[in-house]
Structure formats: structure tokens, C-alpha cells
Amino acid sequence: MKYDFASIEQKWRDYWDREQTFRTPNPGDPPDAGFDPDKPKFYVLDMFPYPSGVGLHVGHPLGYIATDILGRYKLMRGFNVLHPMGYDAFGLPAEQYAVEHNVHPRITTEKNIANMTAQLKRLGMGYDWSRCFATTDPGYVKWTQWIFLQLYHSYFDPIENKAMPIAHLIHQLEQQNYYVGIDGELINSADTENLEALSGIGDPNVHKWHELDPGQQARLLDEYRLAYMDDVEVNWCPRLGTVLANEEVTNDGRSERGNFPVYKRPLKQWMLRITAYCDRLIDGLDDIDWPESIKLLQRNWIGKSLGARVDFAVDGTDDASITVFTTRPDTLFGATYMVLAPEHPLVGEITTDAQLDAVEAYQRRAESRSSVDRQADAKEKTGVFTGAYAVNPVNDQAIPIWIADYVMMGYGTGAIMAVPAHDERDYAFARTFDLPIVEVVSGGDVSKEAYTGNGPLIHSANDEVSLNGLPVDEAKQRITGWLEARQLGWSQTQYRLRDWLFSRQRYWGEPFPILHGPHGEIRPVDEADLPVELPEMDDFKPHGTDDPDAPPQPPLGRAGDEWKKVTIDGVEYTRELNTMPNWAGSCWYYLRYLDPQNKDALVGREAERYWMLSKKKDGSHHAGGIDLYIGGPEHAVLHLLYFRFWHQVLYDLGHVSTPEPAGRYFAQGYIQAFYYEDAKGVRVPAADVIDQKSNQPAMELQDKDEKELELVYEGRPVKRQYGKMGKSLKNAIDPVEVMDRYGCDTLRLYEMYLGPLEASKTWNTQDIVGVHRFLQRVWRNFYDADNGGLLIDEQAPDEATLRLLHKTIQRVTDAMESMGFNVAIAALIELNNALVKLDKLPRVVAESFVKMLAPFAPHVAEELWAVLGQAPSVAHRDWPAYDPALLVEDTIELPVQVNGKLRGKVTVAADADDSAIEAAARADPNVAVQLDGKTVRKVIVIPKRLVNIVAS
RNA sequence: GCCGGAGUGGUGGAAUUGGCAGACACGUCGGAUUCAAAAUCCGAUGCCCCUUAAAGGCGUGUGGGUUCGAGUCCCACCUCCGGCACCA
């Protein structure tokens, strides 16, 4: 009997499909057949793929194999396991593929999904396919749009610290619990102090709700909705023909997708008020088991800074003042000039006639430059003096006001006080323009460079307050207190995170459930009319251009009026023509898997509570969410931030039961590979690169140092680069080819054996034979290679074999719990190598071995399980348990060190006392030689570990 | 520049968290089988000294330190990878 993996794998794939082996019953009234409410649950989730149509490479299934192994393991450990899969089918990748092939995206998406499903089934994945859906399904789009309407109809209440229905805010305003300030700020009517500060009630700038006209009321509410339209500085990518979120723009000012230039320009777009959740998003990180590195990325991205706002009066004006944000109010006495962002609204007001031409020229230049240019010469400081002066509130000094593009309108107040002595950027600017530098924190040498460290304050006192001698943190507190008392400033928390730009000029996305009235009023689509489906269009392509001044043109603008125009009660509305970004669908898909067919809610209450809430041992719940989420860390400040935001809103509004979507997230590493570039940086097909010295293909010389090779492609020298595997890099390995040659079980084992799941690792095709040989050896332990006879022994195993089995069960079980799959496989290989030496395989050992192999190599395990005469499926059998008594050895071998160096080994009884061990150690001939002529100073006996004799 | 992470044989990686460094696998070398090759099987394999073996010396990026004992802890530095980047 040969190990015929092709037919074995086909047979068991068909079996799982036919028998629905991995279908997961749901709770409910009545529950699905086979649902056992007494079992604990395990919700394990992969980041679902884009059905891009280019096909999978071996890097894609890495995380999927890991979750599949864990899901199968947990099933055997008695959990109700939910392990679903679906498709993130909207968005740029799907649309670009459709454009390239000139087919409607719905057609290509369907085709690609079918293709990818076949590939995933070929990988032996134990998904519950009955829960599979695509984000493009109308039944799913309906609820994506519904959630958007929840965002539109909600605001973040700072007192409750959570999202609430906008109706609650309206009620508060009607009850006059709040008044409305000049900038639309809400003033608590009980907060008399604040009202007095604004000259009290009756101030023309403070209004009651009913004093506002309906238009003003609507605009006021828009200031608070979690989804709102606003004129904002957007990232406009003319080449892609769409705007992008900050998170989708690389740090050199280009689009993450396509690497095209991105320009800042003002545009009226849909925004999501994610900034309202800054603190919740930071605080929530403390309660979830995510890698610290990912938490840190999110914290840094949100960028919380504690500091102060300070008002500087503009010299020679009655009421003009500039508010700055600073994290270093302690250095206020060292402020020697101020800088406004070029687009700051006050610039026109304060600029003197003499400086007007220079200022306007600088503004035009700043405006015309793309973010790419602005980054490129970031080092060189440029700027122009406005001619105006501000008054430093602590010492009444007049300091010049400049404009410069190193200050950005989008952060803080768009204005800074410059303290060149203690800020590197201000220092460089002051040096360039010869502005004064005043040291106020001692400890550095400000004649050479800015000093940003701690130290006693100096030169910082006025008639009322002195900071001199204080360390930085105390000086901050004292000066902030003084500013607050004088109403010149106040402490302030500032965030780096901006609101989330949520519109795209794309066809292949969820339409907004929004109508625009003839006078610009916004009317949400009635829930009963959801989903708003995309119109059928022939010309769905984005019209990309190189002209940064060209206006964005949503493709839906080219749809017919029968779709665009909607008449309700005699009023003609126009549909919103932008679509949502592809992140929308991935923001809540993990909830839909719990109850994918539900027509009345995004997810049924009972299913949501069962799968999201984790039961504690005492029967109460703790906020668990997804028990294990595995995916690439490249989504750290994209999907992984966005979906937490949506989930927190849904939690606040009572639609879900846990404060966080995923209690545990695990960041998998990448599979990396070499790729090759010519002198111009153009990637060349890796398979055709050869080493001129040896005349061998470069792919077969991966171990060699590049310096020893002469790599050429078509005679041209090329350079080796190392990075993520991908079709565009021309270094992708097709998993189907690997499976054709070695089988799926081998591929699964190999990918897990490559190294720790979280590490990035190099694919090396020649290593695959190792795990393939392992499976063949396993097979030969069951079948006689000569006559095909079965080699199963019904007798109990000998003690040594039994001990080894139980030791292995312990090692594999421990490795599973810590996701050390490479180590688990090594333990199985070791056990199998020992079993090779037996004539026949004791049944007890064989059954336990097959069970442990099953999560990794499920097809061959099912086959061997059947060979053992057992009914399928091994996937539903209990994981083997180990007997602790069999792990304890009677005698143990102890290493003996002399002065910390290994000199011998002694075998002693496991329960031998220290003196007996010491005597045995001294008796070892080699140890005795080492001790000869020396005085023993000390003997250290670590029970069951080692002996160390210190001698001199 | 700032913030993370990582450096272990020819290669991928183990090491119960301070206790036998190099499990397991690839590769290489030797052998078996074969007309031959592939596949398969058996054995050896960190480096140095040595004809070989025993014994010994050196070894976890570099330099120091703590300790009976350091891949693991502390200090300084080097290299690579990832993220952020004029964020006040």
C-alpha cells in the first residue's frame, strides 16, 4: 500500500463536504440540531480575503492553516468551535481587476469567489461553509448601510462617555440643559461659571435651542453626529480618481495602493467622528490580549498629548489673539517668536502692508505643493515674517509672528509658540532666520543645539509667578495653574488622530443610504428601503488623471436619473453619489458570521451573546469577543482600529454585548522571499535569474551570500532584494503546484514547521521534503511496505513506549495551547521516529498519534483513523490525555559541572537526597580527575537539574 | 531623528524562562538498495587542536557586568527588520 495522498485527500474533502463535518450549530429557540449549550465556545477568526482573482500564493494560507489547526484542536478539546470564512469583495482591488479585464465587477467577483472557495477547500479547511457570505451580498450591504445610519443618528455624549441617539441630544437642548455657544459648542446650563465667562445668559453669542432656525438646528446637530458631511482637507489621488483616508496614504505622501502622488485639497465629504473615541480606543487596549507592538502602533497613531492651550494677544489690536497648543508650557518664558500655518485664517488679518506680497507669495507656494514635495525638503526651514507681533502673556514681550509650512493647520490650533532653545525644529528655524534663542531650562548647551531634556528652570519669573529652580514637570503644573487663574490658558489634551474620511469616488462600494434635497438638506433613506443597491452601469470605471486640480468625479454621477433621482412627498432628492470605502464591509463581518441569514437584525441577540460573551468559571461573563483573531499586522492602524471603533459604537447603542470585538488578536508573520531588481529598480522574473559564476538558477542558490554570486537576468546584472512574497514581485509560489506534488497535508505541515507563526520566514521549497518524508514514515508505520499488511498490534505497549507517548501528548498539548505549532510537529516527528523501530504499532499508541496528527494533516489522519477500524470523523473525537504518573521517571541523569563547566553525567534515583547525589557526582571518574589537587569550596545541587562543584 | 522587534551551526529553527546550547528538519558527507537515476533506508555532522579516539580549548551580534552557573538578567555599542516622522 503506497501513501497515495492525492486520492486520500480527495476522498476526505468530499466526505467533509457531504457530511457537513464542520457545520457549527447555533443556539436559539429552538437551537439548531446538535447544539450543546453546556460546552464552552471558541470563536476563531481569520481576516477574510479580497477575491482578487490573481489567486493565492503560499503566504496567504499561513494564518488560515494556523486557525484551522487550532479550530480542529479546540473541537477535539470539547469546545463549540466557530470558524467561518467569507469574502471582502468590495473595494479597489476587486474593481481594478474588473477594469483590467473589462468585465463588470459583480461578474469577476462571483468568479473569483468560486475560484477562491475551491482553493480554500483544497487546503482542507474545516470551515462552516454554510455561514459564508461576501460583503457585496445585498443581504449584507443592507446592514452595513443600516450601521451607517446608526452612526448618522448618534452623537458622542462626553458626560456619559459613550455614543447616544441624537434624539437624546435634541431632548437635552429642548429641555435647555445645554445652551449653544458662538462656535456651536454646547454649554451646560448648570455650569454657571462657564456661562459667566461668556458674559452670561443674554450674551448675543449664546443661544437657546428654540432661538435657532431649523437650518441652524440641523447644522448644529451635524457638528455632533458620528457620521457627518464636512469641508475638509482631503487626500486627493487624481491617478486613482478618488480621495483616501489618512491611513491609506504612505508617509511619503503617496497612495498605499498603486503608489501614486496624493494632494491635499478641501472637499465636502462624509466623515466618521472616530476622534470622539480617542480615549475609549486607547483605554480599551488595556483590557484585550493583543501584541504590545500592535497596541503601541494604535496608541501612537491616536497620538494623545497632554499640554496646554495659551492665548497670545496680537500687539496693536483690540481683540485679536492667537491660541497655541504646547506640550511644554514650562518653556513659555523662552518663547521668542510665533509661527502660524500658511493657511491659518488669521494670517490675512494681521499681515502688515509691507509684508503682504511676501506672505501671499509664500501662501501660494505652500498651497501648490503636494504632500510629496512638502515631505521631500522637510529638513530645510522656510517661512515669512507677517510684520505683526504677539504679546507673550508671561512677560509682556512683543515677539514676531511668522508663517511657515513646518506648522500644519490640521494639528492643534495651527499655530505654535516657538521656543528655539528647547525644540529642535524651532531651533533650526531660529538659526535660519537669525531669531533670538533664550535658554529657560538649564542642563544643555543651547549655543550648539536645542536642549529637550529635564533640568531646573531658569530665567522664568514675573511679578506673580516664578518657575526658577523647578524641574520640568512641576514647572508645567505651576505655569498652567497660573494661566488658568488669569484665564490666559488652560490645560488641554490633543490627539494626532483625525476624523475618518469615509467617501470614495468609486463604483464598487456600498452606496450611502443618503438623499440630498433641493436645498442641500440631508435625508437618510428609510430603513424599510434598505439596501440601496448599485445601479447597473456599463461605464463604471474611475476616470484617473494626472491633473491634481481636476475635480473628483464619482462614477455613480454617470448613472441614469431613474437611479439618481428619488421623489418623496413631491420633493425630488438626489442620491449620494460617493460610495463607502472597502473598510466598511470588514468593520462588522465577524458579527454577521454569528447569524448570517438573519433578515431582521444585523445579528440575532442570542447568537451574538453566545458567541461573543465568554463564560467565566463561576458562570458569569467577561467581555471576550472573538476568542482568537489571526491576521497580518499591516492592518494595525487600518482595519484593526476601524473595527474597534464601529464595535464600540454598536456596544454603546446596545447592539452588541462586549466592549471590544476581539479579546485576543495574534499577528502572524509574513512568508518572505527573494526578488530581483535591475539597475533601474525594475523587478525581473526570479525564475529566470542565473548566477554567472556557477551558471545555476538564482532560486537554487538562496543560501549563498549575494557577494559570492554574479546575478544576471538576460545578461543584465540584477540585485537581490528580500521582502514579502507577492505576484507583483514575481516571486510567488503557487500552493496548488506544491499540493499537486506533495499533497495538502504536506503543505500544511510545512508552513507550520517553517518557524513560529508570529515570525517572518523564508520559503524554501527544498525543505518541503522533510515533512513529506515524515508523513511517508507515518504511513509505513501502519502499512508494511513489502506486502501491504497492517502493522497494528492489539497488545499493550511496553513501558518505555507508553512513557514516550505520554511525554509526547504533554509536549504537543502544551505547544498547541501556546501556538507553538513548529514545536508540536517536532514532537510528533520524534515520537514517530521512535515508533519506526517497533515491529508493530500498539493500537493505543497509534490511536493517540493519529488524533494528535489530525489537526495538522487532517486527510491522512482520517484515512489512518479508518484504517484503525474507527468510524469517522476523527475531528470529533477527544484529544488524548496524558497520565502525569507516566511522566515521572524512576532514575534520572544529572549533568555534573566543575566550576560551571560540564565534566560528566551521573545517573541517580529520582528521589535521591543531596548528599547521595553529591557522592555520585564525586565518584564520576572524569569529575574526580578535575577535582584532583583542588579544594572543594562549595557544592550546589539543584534537584532534578544539575550538580555544580566549585573548587580551586 | 523618535518608538518598537530581532540577532543562536552551512540553512530554517529548539532550549520547561537563570541550570546539559544546537531538539526537530533541510543541506552536506559516508554507506545500503538499484544496471543506472529518482525515491527510500541506515550512519555521521557547531568550530578548533589531533592520523584517530579519549581528554581538552572555543562557541548564542560586539564589549563589559551580576551569578556557583547567562542564549536567557543589567549597562554600553553594532547590524538588520517594522512603524511613525516638521504632531508643537
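Letters A, B, ... are given to chains in the order of the sequence lines, protein chains preceding strands, and every chain is numbered from 1. Values in this document were obtained by computation on a predicted structure and should not be read as measured data.
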Measure the distance from [atom1] on [X] to [atom2] on [N] and round it to the nearest whole Å.
| X | N | atom1 | atom2 | answer |
| --- | --- | --- | --- | --- |
| A:Y882 | B:U16 | OH | P | 16 Å |
| A:Y670 | B:G82 | OH | P | 9 Å |
| A:I829 | B:A25 | CD1 | C1' | 6 Å |
| A:Q766 | B:U28 | CD | C1' | 11 Å |
| A:R496 | B:A88 | CZ | C1' | 14 Å |
| A:L497 | B:A85 | CG | P | 12 Å |
| A:W290 | B:G4 | CH2 | P | 20 Å |
| A:Y411 | B:A85 | OH | C1' | 13 Å |

Between [options], which one does the side chain of [X] approach most closely?
| X | options | answer |
| --- | --- | --- |
| A:N300 | B:C3, B:A15, B:A21 | B:C3 |
| A:F325 | B:G57, B:A88, B:U16 | B:A88 |
| A:L297 | B:A14, B:A88, B:G83 | B:G83 |
| A:T327 | B:C20, B:A88, B:C24 | B:A88 |

Look at [X] and [N] and indicate whether a side-chain polar atom (N or O) is within less than 4.0 Å of OP1 or OP2.
| X | N | value |
| --- | --- | --- |
| A:N833 | B:A23 | no |
| A:S293 | B:G82 | no |
| A:Y753 | B:A25 | no |
| A:Q672 | B:C81 | no |
| A:R903 | B:G56 | yes |

Would you please classify the geometry between the A:Y3 ring and the A:H772 ring as parallel, tilted or perpendicular, with 30° and 60° separating the classes? tilted

May I ask you to say what [X] touches in the nucleic acid, namely base, sugar-phosphate or nothing, with a heavy-atom cut-off under 4.0 Å?
| X | answer |
| --- | --- |
| A:N926 | sugar-phosphate |
| A:P756 | sugar-phosphate |
| A:Q298 | nothing |
| A:R309 | nothing |

For atom [atom1], what is the distance between [N] and [M], given to the nearest Å?
| N | M | atom1 | answer |
| --- | --- | --- | --- |
| B:A36 | B:C26 | P | 25 Å |
| B:G43 | B:C49 | P | 29 Å |
| B:G71 | B:C58 | P | 13 Å |
| B:G5 | B:G9 | C1' | 24 Å |
| B:C68 | B:G12 | C1' | 35 Å |

Taking only residues two or more places apart in sequence or in another chain, which ones pass ring-ring contact (aromatic ring centres under 6.0 Å, His included) with A:F312? none

Return the polar atom pairs (N/O with N/O) between nucleotides 41-44 of chain B and the protein under 3.5 Å, or none.
from, atom 1, to, atom 2, distance (Å)
B:C41, OP1, A:R777, NH1, 3.4
B:C41, OP1, A:R780, NH2, 3.0

Keeping the roles fixed (side chain from A:Q930, backbone from A:A951), state whether a donor-acceptor pair exists under 3.5 Å. no

With the side chain counted from C-beta on, respond yes when [X] and [Y] share a heavy-atom pair under 4.5 Å apart, and no when they do not.
| X | Y | value |
| --- | --- | --- |
| A:E751 | A:I671 | yes |
| A:Y362 | A:T382 | yes |
| A:L285 | A:I288 | yes |

Quick one: on RNA chain B, does A:S760 or A:V637 contact a more 5' nucleotide (nearest heavy atom)? A:S760

Return the 5'-most residue of the pair A:R741, A:A827 with respect to RNA chain B, ranking by each residue's nearest nucleotide. A:A827

Verify ring-ring contact (aromatic ring centres under 6.0 Å, His included) between A:F429 and A:Y337, making sure each step is shown before the conclusion. CA-CA 10 Å; A:F429 192 83; A:Y337 64 100; 5.4 Å; yes

With syn defined as a glycosidic torsion within 90 degrees of 0 and anti otherwise, which applies to B:U28? anti

Quick check on B:G56: syn or anti? Syn means the glycosidic torsion is within 90 degrees of zero. anti

Provide a list of protein-nucleic acid N or O atom pairs under 3.5 angstrom, restricted to nucleotides 63-73 of chain B.
from, atom 1, to, atom 2, distance (Å)
B:C68, O2', A:N948, ND2, 3.2
B:C68, O2, A:N948, ND2, 2.6

